[in-house]
Undergrad: 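Below is one structure. I have some questions about it.
Every heavy atom of this structure was used, including side-chain atoms; hydrogens, water molecules and symmetry mates were not. A, B, ... follow the sequence lines: proteins, then strands. Residue 1 opens every chain.
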There are 4 protein chains.
Amino acid sequence: MYSKFDNLAYEKRASIINASMQEFTDKGYQLASTNEIVKRAGISKGSLFNYFNNKKDLYLFLIEYAIEVSREIMTEIDFNQTDLLERLKQITVIKLRVIKKYPEVFNFLQGVIAEGSEEVKRDVERITMQFAQESYQKLYENLDYSKFRDDIDIQKAIKTIYWTIEGIGNESKEKIKSNNAESFDVDAPFKEMDDYIELFQKIFYK
Amino acid sequence: MYSKFDNLAYEKRASIINASMQEFTDKGYQLASTNEIVKRAGISKGSLFNYFNNKKDLYLFLIEYAIEVSREIMTEIDFNQTDLLERLKQITVIKLRVIKKYPEVFNFLQGVIAEGSEEVKRDVERITMQFAQESYQKLYENLDYSKFRDDIDIQKAIKTIYWTIEGIGNESKEKIKSNNAESFDVDAPFKEMDDYIELFQKIFYK
Amino acid sequence: MYSKFDNLAYEKRASIINASMQEFTDKGYQLASTNEIVKRAGISKGSLFNYFNNKKDLYLFLIEYAIEVSREIMTEIDFNQTDLLERLKQITVIKLRVIKKYPEVFNFLQGVIAEGSEEVKRDVERITMQFAQESYQKLYENLDYSKFRDDIDIQKAIKTIYWTIEGIGNESKEKIKSNNAESFDVDAPFKEMDDYIELFQKIFYK
Amino acid sequence: MYSKFDNLAYEKRASIINASMQEFTDKGYQLASTNEIVKRAGISKGSLFNYFNNKKDLYLFLIEYAIEVSREIMTEIDFNQTDLLERLKQITVIKLRVIKKYPEVFNFLQGVIAEGSEEVKRDVERITMQFAQESYQKLYENLDYSKFRDDIDIQKAIKTIYWTIEGIGNESKEKIKSNNAESFDVDAPFKEMDDYIELFQKIFYK
DNA sequence: GATGAATGAGAATTCATTCAT
DNA sequence: GATGAATGAATTCTCATTCAT
């Protein structure tokens with residue numbers, strides 16, 4: 001698929017990936033300029049279009065690359081942990097570790113999800129859908145639901161938990177954006193997560 | 001601010017607002033074409049730039065206009081209802097009524113929130129932030145929290161409720177998008193809301 | 001169709017038509033540069049694409065324009081002249097008069113016929129076909145074939161005449177190209193035509 | 001001239017010639033892609049530009065090669081046949097035999113004649129002109145014109161014959177193009193040629 | 001006030017040719 | 001000798017904004 005690009009030296013590849021992700025993250029698909037990308041990556045215009053047939057191909061490649069990186073999270077989950085809340089706690093820790101390691105990848109992916117451009121929408125959906133389903137499935141695999149109260153709808157409880165975790169994540173991002181990012185305590189979300197998980201144990205479990 | 005535009009005849013103003021909102025909703029800020037807008041609105045290019053200095057001004061005006069319409073929701077809330085969950089139920093009903101009355105305004109606002117264009121991001125935030133805070137404040141004004149269990153953090157409970165309601169809303173939108181919009185039962189989210197509120201009463205209230 | 005262009009001042013229109021025809025004649029469809037055209041015509045890049053949606057549209061417009069000019073020839077034929085050879089003589093005179101008046105149009109049309117670019121081939125055929133058929137029909141309308149010898153195939157005789165006239169035309173053009181065009185005696189082809197027509201009378205007529 | 005290329009193994013040379021001719025025939029000079037040529041020929045980009053300095057050189061080489069092949073026709077003409085019409089008949093037969101043997105060469109040559117690209121026009125003319133003159137000369141060498149009627153201009157008669165034969169050829173090509181090429185009767189033009197030659201005997205000979 | 005033709009910088013993409021390996 | 005990645009000028013086309021009428 002992207003064989004010409006894959007054969008490049010590691011450093012060059014990294015430079016192009018970084019430059020492209022940065023530009024797409026900053027401006028979104030449509031506004032991102034291939035001119036700017038080649039300038040940032042320090043390569044010629046012709047080269048970029050040698051590696052990738054066109055702007056869209058480059059964008060889709062980056063998504064696939066970002067998903068590959070994200071898969072790291074999945075591989076580290078301990079599936080012997082059958083308690084949903086404990087597993088979520090665990091995942092959050094892993095996730096944050098990976099985000100710290102590859103922050104630009106996650107900023108990029110966040111931008112991809114928000115991307116509204118008709119030109120790439122369908123392909124983005126096609127590519128991300130599979131990963132989303134696969135992740136979702138793994139997330140709830142081999143869980144023991146017997147701890148939940150008998151008088152509640154467990155599916156609704158799980159969704160409530162899921163949306164709350166999402167909410168914490170988004171709130172953290174907002175805080176990072178509005179304050180200057182440097183002064184942000186990276187461990188604060190974990191402390192908060194713990195508090196919420198304690199709450200959930202109290203209200204959802206027997 | 002927009003005095004030239006405000007002095008226009010009502011019909012012309014409406015035509016321009018409709019045409020612009022439609023175009024911005026359809027294509028997003030960057031891709032929206034002023035050519036298309038003037039064509040849809042039946043005015044000349046020069047006129048548009050007489051009323052609004054530039055594309056960005058027009059966009060920001062529309063946001064302010066949409067917020068003005070949205071304020072209607074606030075005015076109808078019954079602040080004598082001090083039960084949080086009952087109030088949320090009530091608000092959801094009002095909200096849906098307004099959405100049905102001005103669907104294009106809400107489609108536009110939804111697009112605004114998703115808008116990623118660096119060129120307008122800051123200004124959009126500035127304008128929407130105020131309304132968001134103001135709404136948030138009113139939402140939780142004059143509430144009686146004594147019904148909540150004493151052994152939980154009420155702030156966290158409220159946030160959980162808030163994020164869950166958001167989650168239901170987003171899920172509905174996703175369903176509308178993936179299925180064909182016509183076959184969607186507009187009252188289904190309300191039924192679901194009721195179920196969740198019942199759940200919340202069971203787990204958060206004494 | 002080309003309403004924006006049609007509304008332009010005569011001089012501007014002429015300037016654009018000339019510049020475009022020259023460029024297309026010089027380089028052919030593919031190699032003709034819209035950059036060069038706007039430079040020659042003294043207009044901005046944007047303007048050209050305001051008048052014509054794209055390069056192809058401009059090219060097709062020029063063909064239609066050239067055909068319109070060529071139609072002048074048809075209107076002047078005297079259809080009371082029922083002798084084929086006399087009529088051909090007459091047409092050649094008219095044709096040369098028009099060519100002298102609009103030489104660039106005929107150079108352009110000649111290039112169009114030779115044009116091989118896949119991108120426009122079909123459309124060029126569609127547009128020129130109709131005119132070609134229409135011209136051919138008129139050419140042989142209301143003729144008296146009784147003068148032809150009875151022992152020959154009249155259709156083959158006519159084709160021979162037709163191809164010979166074409167041959168004279170092409171030979172003249174070649175001569176103009178190889179010699180410097182100025183020293184070319186514009187009336188020479190007519191003298192030659194007369195000689196050939198005399199020959200044809202001798203060999204094909206009773 | 002093309003010594004580097006001439007020293008290559010026969011098979012490689014043939015492969016490059018075939019690939020190049022095909023590409024030039026398909027797309028014309030300008031649009032023909034050296035990338036496509038090296039891909040079709042199974043050689044590297046660098047090699048192509050080692051053998052030929054540039055695209056133009058390659059094109060001109062192919063023309064010279066094609067002319068070399070075409071010369072075969074000349075060698076087979078029977079110059080004892082002094083009757084012009086009989087000789088023309090004979091040449092047509094030889095020509096068709098060679099075309100059937102090397103169809104790609106003739107397709108290529110046909111494309112060369114139609115080629116309008118300014119960049120190669122002059123050189124193409126220079127190269128083909130010589131062969132054209134040489135062929136023309138041979139064609140009319142050692143002929144007996146005594147069979148022609150005394151009351152006509154023999155030169156004009158010959159030109160008429162020449163242009164008519166050209167016309168038949170072009171008409172056949174048109175027919176092949178418009179109908180599907182497969183259903184075309186390859187011997188039909190010969191039948192027609194015979195009819196025309198019979199006509200010419202009747203009208204031009206004593 | 002209203003008009004809409006004109007602008008031109010900037011977009012994505014192509015491709016013959018070079019040259020270090 | 002052979003390779004194929006790298007180059008960058010040139011291509012067509014877009015569109016918010018201006019300004020003379």
Undergrad: For the side chain of A:Tyr51, counting heavy atoms from C-beta on, which of F:dA5, F:dA2, F:dA16 is nearest?
TA: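 Nearest to the side-chain atoms of A:Tyr51, counting from C-beta on, is F:dA5.
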Undergrad: Counting N and O atoms only, with roles assigned by atom type, does the side chain of D:Ser70 sit under 3.5 Å from a partner on the main chain of D:Ala66, one being a donor and the other an acceptor?
TA: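 Checked: pair present.
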Undergrad: Can you figure out which of E:dT7, F:dT12, E:dA2 approaches the side chain of B:Asn50 most closely?
TA: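 So the nucleotide nearest the side chain must be E:dA2.
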Undergrad: What nucleotide, of F:dT12, E:dA12, F:dA6, holds the atom closest to the side chain of C:Ser33?
TA: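 Among the listed nucleotides, the one closest to the side chain of C:Ser33 is F:dT12.
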Undergrad: Starting from C1' on F:dT11, measure out to CZ on C:Phe24 and report it in whole angstrom.
TA: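 Those two atoms, CZ and C1', are 13 Å apart.
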Undergrad: Please state whether the phosphate of E:dG10, meaning OP1 or OP2, lies under 4.0 angstrom from any side-chain nitrogen or oxygen of A:Asn35.
TA: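 No, outside the criterion.
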Undergrad: Could you say whether A:Asn54 or C:Lys12 is positioned toward the 5' end of DNA chain E, judged by the nucleotide with the nearest heavy atom to each?
TA: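 With A:Asn54 and C:Lys12 compared, the 5'-side residue is C:Lys12.
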Undergrad: Using whole Å, report how far NZ of C:Lys55 lies from C1' of F:dT11.
TA: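 Answer to the nearest Å: 8 Å.
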Undergrad: In whole Å, I'd like the distance from the CG atom of C:Leu48 to the P atom of F:dT14.
TA: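 Between P of F:dT14 and CG of C:Leu48: 12 Å.
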Undergrad: Using atom CG of A:Leu31 as one end and atom P of E:dG10 as the other, report the distance to the nearest whole Å.
TA: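 Atom-to-atom, A:Leu31 to E:dG10, this comes out as 13 Å.
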Undergrad: Please check this pair: side chain of A:Lys55 against backbone of A:Gln30, looking for a donor-acceptor N/O pair closer than 3.5 Å.
TA: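 Flag set: sc A:Lys55 to bb A:Gln30 pair under 3.5 Å.
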Undergrad: Under 3.5 Å for both distances, Watson-Crick or G-U wobble, that's the pair rule; now give the dot-bracket for DNA chain F, with | marking pairs to another strand and [ ] for crossing ones.
TA: .||||||||||||||||||||
Undergrad: Of the options E:dT13, E:dA2, F:dG1, whose atoms approach the side-chain atoms of B:Leu8 most closely?
TA: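 For the B:Leu8 side chain, the nearest candidate turns out to be E:dA2.
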Undergrad: Of all the choices, E:dT17, F:dA16, F:dA5, which nucleotide is nearest to the side chain of A:Lys4 once you look at every atom?
TA: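 Among E:dT17, F:dA16, F:dA5, the one nearest the side chain of A:Lys4 is F:dA5.
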Undergrad: Output the rounded distance in Å from NZ (D:Lys27) to C1' (E:dC15).
TA: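 About 12 Å, once rounded to whole Å.
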Undergrad: Near A:Glu104 CD, under 6.0 Å, is it more than 12 heavy atoms from other residues, nucleotides or ligands?
TA: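 Yes, the 6.0 Å shell around CD holds more than 12 heavy atoms from other groups.
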Undergrad: Where the side chain of A:Lys45 is concerned, which of F:dA2, E:dG8, F:dA9 is the nearest nucleotide?
TA: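 So the side chain of A:Lys45 is nearest to F:dA9.
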Undergrad: Which part of the nucleic acid, if any, lies within contact of C:Ala9, taking any heavy atom under 4.0 Å across all strands shown: a base, the sugar-phosphate backbone alone, or nothing?
TA: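 Here C:Ala9 touches no strand at all.
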Undergrad: Under a 3.5 Å distance rule, please check whether B:Lys4 uses its side chain to pair with a backbone N or O of B:Ser47 as donor and acceptor.
TA: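 No, the answer is negative, given that no donor and acceptor are paired below the 3.5 Å cut-off.
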Undergrad: Check the orientation of D:Phe52 and D:Phe61. Use parallel for under 30°, tilted for 30 to 60°, and perpendicular for over 60°.
TA: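 Correct class here is tilted.
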Undergrad: With distance as the sole test, does B:Glu23 use its side chain to make a donor-acceptor pair with the main-chain N or O of B:Ser33 at under 3.5 Å?
TA: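 Confirmed, B:Glu23 side chain pairs with B:Ser33 backbone.
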Undergrad: Using whole Å, report how far CZ of A:Phe52 lies from P of F:dA6.
TA: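 These atoms are roughly 12 Å apart.
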Undergrad: Once you round it to whole Å, what is the distance between P of F:dT11 and CD of D:Glu119?
TA: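 The distance from CD of D:Glu119 to P of F:dT11 comes to 12 Å, rounded to the nearest Å.
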Undergrad: How close or far is atom P of F:dG8 from atom CD1 of A:Ile37, stated in whole angstroms?
TA: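 After rounding, the reported distance stands at 18 Å.
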Undergrad: Do B:Lys56 and B:Tyr29 form a cation-pi contact, if we require the NZ or CZ to be under 6.0 Å from the six-membered ring centre and within 45 degrees of the ring's axis?
TA: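 Relative to the ring axis of B:Tyr29, which defines the angle, B:Lys56 lies outside at least one limit.
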Undergrad: Of the nucleotides F:dT7, F:dT12, E:dA16, which one has an atom closest to the side chain of A:Ile43?
TA: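 Of the options given, the side chain of A:Ile43 lies nearest F:dT7.
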Undergrad: On DNA chain F, does the nearest nucleotide to B:Asn53 precede the nearest nucleotide to D:Gly46 from the 5' side, or the other way round? Give the residue.
TA: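 It is D:Gly46, whose closest nucleotide lies nearer the 5' terminus.
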Undergrad: Given C:Lys121, which partner from the list C:Glu118, C:Glu119, C:Glu125 fulfils the salt bridge (charged side-chain N to carboxylate O under 4.0 Å, His left out) test?
TA: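 Among C:Glu118, C:Glu119, C:Glu125, the one meeting salt bridge (charged side-chain N to carboxylate O under 4.0 Å, His left out) with C:Lys121 is C:Glu118.
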Undergrad: F:dC13, F:dT7, F:dG1: which one has an atom nearest the side-chain heavy atoms of A:Ser47?
TA: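 Nearest nucleotide to the side chain: F:dT7.
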Undergrad: Please check the phosphate of F:dA16 (OP1 and OP2 only) for any side-chain N or O of B:Thr34 closer than 4.0 Å.
TA: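 Yes.
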